[in-house]
Amino acid sequence: MRSSLPAIHVRMHAYWGYMAASVLWSAGFLLESLILFRFLWCRLFRHYPFFFVYLTVVWTTNLALWPIYRYHPAAYKTSFWVLQFFAVLAGFGVLLELMQKSFERYPGARRFATIVIVGMFAILFGYFAYPMLGAPLASAGQHFAFFERDFRTVQALTIAGVLAVIYYYRIDVGKNLRGIIAGFGLYVGSTILSHALRGFAGSSFGQEWSIIQPYTYFVSLLTWAMTLWSYAPAPVPEVSPEPTHSYEAFARGTKEELGAIRAQVGRAERQ
Amino acid sequence: MTELLLFTAVGAGLLLLLVLVLRRPPAPAEGGAEALVAAKRSLHALQHGLLPIELVDRIFGKQDLEYVESLDSGPVRDLFMKERKRLALAWVDQVRRQISGLRDFHTRRSRMFARMSRWTELSVGLDFADLQIQCRALHLVLQWRGPYAAPQLVRRTASTAAGLCAVLDKSLAFLTPAVPKRLGDDSGADAAAL
């Protein structure tokens with residue numbers, strides 16, 4: 001009796017783990033469906049088409065993967081990474097949308113942010129997509145698994161670039177975009193942390209994280225469900241987005257004064 | 001190990017930046033009454049609250065110290081020095097806050113320019129950051145050496161505030177709609193306003 005206890009414990013643990021994963025998967029799928037329904041009902045897809053496509057891809061992926069997981073578990077891993085590839089690509093569309101919508105009424109800030117996004121996408125394509133060209137499907141899955149951490153890192157740096165511009169210019173992006181950024185940032189950030197720590201701590205951490213990561217994704221879904229319930233755009237600035245004064249004259253004036261101030265403070269510090 | 005640190009820094013940095021962005025209140029739309037009033041308040045605080053030479057001389061001049069020292073009381077002198085240091089630090093902090101105000105004012109304005117130069121904007125941003133750091137360094141010097149340790153430093157900081165005033169003046173001029181003295185000056189041959 002005593003000798004069979006660990007076996008029972010392991011079976012119970014596996015059972016509860018499976019149950020928790022199933023409940024979480026079902027709840028996540030329901031939330032995704034709810035968000036998509038709200039997008040269609042409130043016609044939010046007109047305002048955030050890339051995010052709608054992204055969520056549709058994720059929803060379809062989940063729908064397709066469940067029967068594969070149940071009936072063809074051997075094919076699950078390759079299918080997961082191949083389908084995940086499309087989800088990650090669609091995720092980049094969300095980043096473009098974030099940049100476009102966040103800085104829609106702030107052309108100066110948009111100009112600054114565009115170079116960040118384009119640069120990151122070029123790095124991403126060169127680093128990730130090029131080695132996969134011509135590779136067979138099975139090895140493409142392995143390639144993707146291998147590159148996912150780096151891929152997410154590029155995504156994280158891109159989001160960080162957009163966030164830095166939003167932070168510096170103190171731009172009000174509105175409730176919807178704030179929610180998209182929060183959910184997406186949380187998911188990408190936690191994924192990178194999981195890869196980094198899993199690589200360091202090994203499979204023991206991997207098992208823990210396989211429970212934690214779906215929860216962070218669930219929190220992201222909850223955030224999206226709450227913030228994308230209805231259309232809530234950013235407030236419109238009261239002035240024209242194209243001031244009549246020259247930027248160069250404005251910036252030069254600020255820069256000249258700053259130069260004088262810095263020289264004075266620098267001299268004072270040296271005394 | 002390096003890899004772990006690098007990727008952990010990226011992941012944690014993103015989450016931290018996310019928290020910072022979500023917690024920071026956005027700046028009101030430029031051109032609104034709130035921005036104009038805030039900018040004018042900054043200007044007023046500098047010109048009438050921080051910059052007057054009498055005030056600077058009173059805080060950082062040695063007249064008060066000489067009087068307290070003439071009382072020949074150690075505890076009174078210590079208390080005086082402590083309070084004066086607090087006052088001097090508060091003054092420097094106010095100047096730093098006004099620089100922050102200028103930065104906010106600049107960014108609120110520059111974000112609207114479609115033909116903004118990225119490199120110039122980056123350079124201005126770095127200048128602001130540099131200036132903020134220098135102000136913090138000044139704060140440390142005052143904290144460490146006391147309010148009377150660097151009179152030159154105080155005068156130069158006052159000049160800094162004066163420079164800042166000029167910048168705010170220029171920025172406010174951008175916000176104030178120009179009213180031509182006489183329409184005829186700005187009109188074409190058909191008397192249409194240009």
Side-chain angles (χ1 to χ4, degrees), chain A residues 106-109 111-112 115 149 153 156-157 159-160 163-164 166-173 178 181-182 185-186 188-193 195-197 199-200 235-243 245-248 250-251 253-255 257-262 264-269 271, chain B residues 1 3-4 6-8 10-15 17-18 20-22 24-27 29-32 99 102 104 106-118 120-125 127-128 130-131 134-135 137-138 141 150 152-153 156-157 159-160 163-164 166-167 170-171 174:
Chain A
Y106 303 95
R111 234 177 116 72
F112 206 74
I115 199 157
R149 183 193 60 185
T153 303
L157 291 173
I159 298 171
L163 285 174
I166 290 174
Y167 184 81
Y168 181 68
Y169 287 105
R170 294 180 65 187
I171 288 170
D172 190 354
V173 294
R178 235 186 351 261
I181 290 170
L186 177 68
V188 171
S190 61
T191 304
I192 292 169
L193 279 177
H195 278 290
L197 296 173
F200 182 71
V236 181
E238 291 171 28
V239 292
S240 149
E242 182 80 34
H245 309 288
S246 149
Y247 168 78
E248 285 300 331
F250 175 69
T254 309
K255 210 167 163 47
E257 294 298 339
L258 275 173
I261 292 166
R262 202 171 58 250
Q264 285 167 345
V265 175
R267 275 200 302 273
E269 275 179 341
Q271 284 200 356
Chain B
M1 192 64 187
E3 225 174 48
L4 170 76
L6 187 73
F7 288 107
T8 307
V10 171
L14 175 66
L15 295 178
L17 191 58
L18 198 62
L20 286 176
V21 168
L22 293 177
R24 195 181 202 202
E30 192 51 82
I99 291 170
L102 170 65
D104 285 349
H106 175 83
T107 52
R108 282 185 211 177
R109 192 68 196 164
S110 65
R111 66 188 181 178
M112 310 301 284
F113 283 97
R115 285 183 291 276
M116 176 239 268
S117 156
R118 292 185 188 105
T120 310
E121 187 63 9
L122 186 65
S123 162
V124 170
D127 282 348
F128 273 120
D130 184 29
L131 199 55
Q134 288 197 42
C135 274
L138 278 176
V141 170
Q152 289 295 319
L153 180 148
R156 291 191 201 288
T157 310
S159 315
T160 301
L164 182 63
V167 178
K170 282 182 186 174
S171 298
F174 273 100

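To find a chain, count down the sequence lines: A is the first, B the second, and so on, and within it residues start at 1.
- Between the A:Arg170 side chain and the B:Pro25 main chain, a donor and an acceptor come within less than 3.5 Å of each other.
- Looking at B:Leu15, only its side chain comes within 4.5 Å of chain A, counting heavy atoms on both sides.
- For A:Ala156, the side-chain contact (heavy atoms from CB on, under 4.5 Å) partners are A:Val188, A:Ile192, B:Val10, B:Leu14, not counting sequence neighbours.
- How far CG of A:Leu163 is from CG of B:Leu20: 9.5 Å, rounded to the nearest 0.5 Å.
- Within the 3.5 Å criterion, the main-chain N or O of A:Tyr167 finds a donor-acceptor partner in the side chain of B:Arg24.
- Of all non-hydrogen atoms in B:Leu18 and A:Leu186, the two that sit nearest each other are CD2-N, 3.6 Å.
- With a threshold of 4.5 angstrom between heavy atoms, A:Ile166 approaches chain B through side-chain atoms but not through N, CA, C or O.
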(message) Evaluate A:Thr153 against B:Leu6 for side-chain contact (heavy atoms from CB on, under 4.5 Å), listing each step before the verdict.
(response) CA-CA 10 Å; A:Thr153 303; B:Leu6 187 73; over 6 Å; no
